[in-house]
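Below is one structure; the comments refer to it alone.
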Amino acid sequence: VNVPGATDLRQFIEILDGAGELLRIGEEVDPCFEVASRTRSEAGGRNRALLFEAIGGYPSARILTNALGAPGRIGLSLGLGPQQSFRQVKKAVRERLEHPIAPTCGTPTRTERETFAGTDVDLTMLPVPHWSPEDSSRYLGTWHVNLTRDPVSGERNVGVYRMELVDATTALVSASARSHLMAHVRRAEEGGEALPMAVAIGVAEPLVLAAGMAVPPETDEYSLAGALIGAAVPVRPAEVVDLDVPQDAEIVIEGHLLCRERVPEGPFVDYAGVPRGNPSALVFKASLMSMRKDPIFRGAAIGFTRAEDHLVYALLASVGCLDFR
Ligand SMILES: Cc1cc2nc3c(=O)[nH]c(=O)nc-3n(C[C@H](O)[C@H](O)[C@H](O)COP(=O)(O)O)c2cc1C
């Protein structure tokens, strides 16, 4: 059966549940190391997606990990039938990428979301796990999307760039010099300006796949995500920055990357399992954040054998869309 995949995270969680690919963890877990260690043991054992439903210190928040940690689950995110092999998923991805589907734009709405602006913005309200004892601190962005626009051409980019939580309104962003995000930053800085950026955490999984793909700057990752899902990704205009964000994202943070500010970031245990720091990370200042009721934080435990990012990188490499430079 091939039907369109889920266009938001909650629909996908239902699909995982229905396919027996989700373990709900009802007892309280500590976001400091325990979420990651439980994810590592599950990935090395029965290997289901994990939905942590009680997070110590964060009433009503939930955390999803390991959702794409098996080829069959990546297949489910694309709307393929259950138990697809890596080869079947790769074939579907290759075929679907030929048929981009533009996103559909709704209207701005705060009805189903709780919004915090100005001095009410507090990123530390989010249940951000401390993933590894070797990490310098908690990482807000491990499986999310960063949205920016080229200040000159207006072209948008959707990418995945790791983000370290610093305080209520600050996070650091590590982007490689060749990335489209850095190209946008350089152009903004040439004009002496901060670069507007939105971050969406808890989105349709194929959007993260599309964001992680190395594609030419003019290729719209939202349309590639639509291709992967087989249906348009619903987006809406952000509230305070001129960017489109996924309509039903669990968490959206809007703000700016400061002009010509660079600070050291990390160390962070990266995909290779090696703690690495970035001497010149970008500084993100949040001015608004919004979330769905009982938000589901999505993050990834990485840097070990069977980590879900390895499978995703293997898939992206197999379709010629992986570039680590
Ligand atoms: C889970 C995941 C994490 C990633 N983390 C980073 C990162 O921290 N920094 C970076 O430069 N690229 C990172 N990438 C890769 C970029 O998303 C990738 O280079 C992408 O092709 C960038 O595309 P863009 O240049 O169109 O933004 C990550 C990819 C994935 C899937």
Side-chain angles (χ1 to χ4, degrees), residues 36 39 43 64-69 74 77 93 97 100 129 131 135-136 139-150 153 155-165 171-188 195 197-225 228 243 257 262 264-282 284 298-304 307-325:
T39 303
L64 179 71
T65 63
N66 202 34
L68 294 192
I74 301 181
S77 80
V93 167
L97 286 177
W131 298 100
D135 291 350
S136 51
Y139 272 72
L140 171 71
T142 53
W143 204 266
H144 61 289
V145 292
N146 299 80
L147 307 147
T148 55
R149 197 186 280 289
D150 185 318
S153 72
E155 244 158 33
R156 66 181 161 207
N157 188 63
V158 189
V160 193
Y161 300 98
R162 81 182 192 216
M163 295 180 66
E164 178 175 0
L165 180 63
L172 308 180
V173 184
S174 279
S176 73
R178 287 165 37 103
S179 64
H180 297 151
L181 175 62
M182 278 312 295
H184 294 182
V185 166
R186 282 191 293 268
R187 266 172 225 147
L195 181 74
M197 182 173 85
V199 180
I201 304 170
V203 298
E205 295 285 333
L207 182 57
V208 178
L209 297 180
M213 286 181 177
V215 290
E218 63 278 10
T219 302
D220 177 32
E221 287 95 349
Y222 273 129
S223 301
L224 286 188
L228 293 175
L243 294 164
L257 290 167
R262 302 288 188 276
E265 173 257 20
F268 174 69
V269 175
D270 72 1
Y271 61 90
V274 180
R276 256 183 248 274
N278 173 4
S280 53
L282 304 164
F284 176 68
R298 171 68 162 111
I302 65 169
F304 61 96
E308 60 180 317
D309 63 329
H310 289 179
L311 186 60
V312 163
Y313 295 141
L315 180 65
L316 300 188
S318 77
V319 298
C321 289
L322 187 68
D323 184 354
F324 277 132
R325 287 174 296 166

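Atoms considered below: every heavy atom in the structure, side chains included; atoms not considered: hydrogens, waters and symmetry mates. Start at 1 and go down the list; that is how both ligands and their atoms are numbered. Throughout, numbering of the chain's residues begins at 1 and tracks the sequence.
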What part of [X] sits under 4.0 Å from ligand 1 if we count only heavy atoms: the side chain, the backbone, both or neither?
| X | answer |
| --- | --- |
| Arg178 | neither |
| Asp323 | backbone |
| Thr142 | backbone |
| Ala211 | backbone |

[X] neighbourhood, listing ligand 1 atoms whose heavy-atom distance to it stays under 4.0 Å:
| X | value |
| --- | --- |
| Ala175 | 11 (O) |
| Ser179 | 25 (O) |
| Asn157 | 24 (P), 26 (O), 27 (O) |
| Glu221 | 26 (O) |

Assess Met182 for proximity to ligand 1: is some non-hydrogen atom of it under 4.0 Å away?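 Met182: no contact with ligand 1 (<4.0 Å).
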Check ion pair Arg298-Glu308 (N to O, under 4.0 angstrom):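 Yes, Arg298 and Glu308 are salt-bridged.
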Parallel, tilted or perpendicular, as decided by the 30° and 60° cut-offs, for the rings of Phe324 and Tyr313: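 The arrangement is perpendicular - the two ring planes meet at more than 60°.
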Can you list the steps and then say if Ile302 with Thr142 is a side-chain contact (heavy atoms from CB on, under 4.5 Å)? CA-CA 9 Å; Ile302 65 169; Thr142 53; 5.8 Å; no
[atom]: the protein heavy-atom neighbour that sits closest, reported with distance to 0.1 Å:
| atom | value |
| --- | --- |
| atom 21 (O) of ligand 1 | Met213 O, 3.0 Å |
| atom 13 (C) of ligand 1 | Val160 O, 3.0 Å |
| atom 9 (N) of ligand 1 | Ser174 O, 2.9 Å |
| atom 25 (O) of ligand 1 | His180 N, 2.8 Å |
| atom 8 (O) of ligand 1 | Arg162 N, 2.8 Å |
| atom 11 (O) of ligand 1 | Ser176 N, 2.8 Å |
| atom 18 (C) of ligand 1 | Gly212 O, 3.7 Å |

The test is side-chain contact (heavy atoms from CB on, under 4.5 Å); show your working for Met197 and Val173 and say whether it passes. CA-CA 11 Å; Met197 182 173 85; Val173 184; 3.9 Å; yes
Evaluate side-chain contact (heavy atoms from CB on, under 4.5 Å) for Leu147 paired with Tyr222, printing each intermediate quantity in order. CA-CA 10 Å; Leu147 307 147; Tyr222 273 129; 3.3 Å; yes
Looking at [atom1] of [X] and [atom2] of [Y], how far apart are the two atoms once the value is rounded to the nearest 0.5 Å?
| X | Y | atom1 | atom2 | answer |
| --- | --- | --- | --- | --- |
| Leu165 | Phe284 | CG | CZ | 11.5 Å |
| Arg178 | Met182 | CZ | CE | 13.5 Å |
| Ser153 | Glu218 | OG | CD | 10.0 Å |
| Asp323 | Met213 | CG | CE | 13.5 Å |

Strictly distance-based, threshold 3.5 Å: is any side-chain N or O of Glu265 a donor or acceptor partner for the main-chain N or O of Leu172?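 Answer holds: no.
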Main chain of Gly159, side chain of Glu221: is a donor-acceptor contact present, judged purely on distance under 3.5 Å?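 Here the side-chain-to-backbone pair does not exist.
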Between the candidates Trp143, Tyr313, Tyr161, which shows the shortest non-hydrogen contact distance to atom 3 (C) of ligand 1?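 That would be Tyr313.
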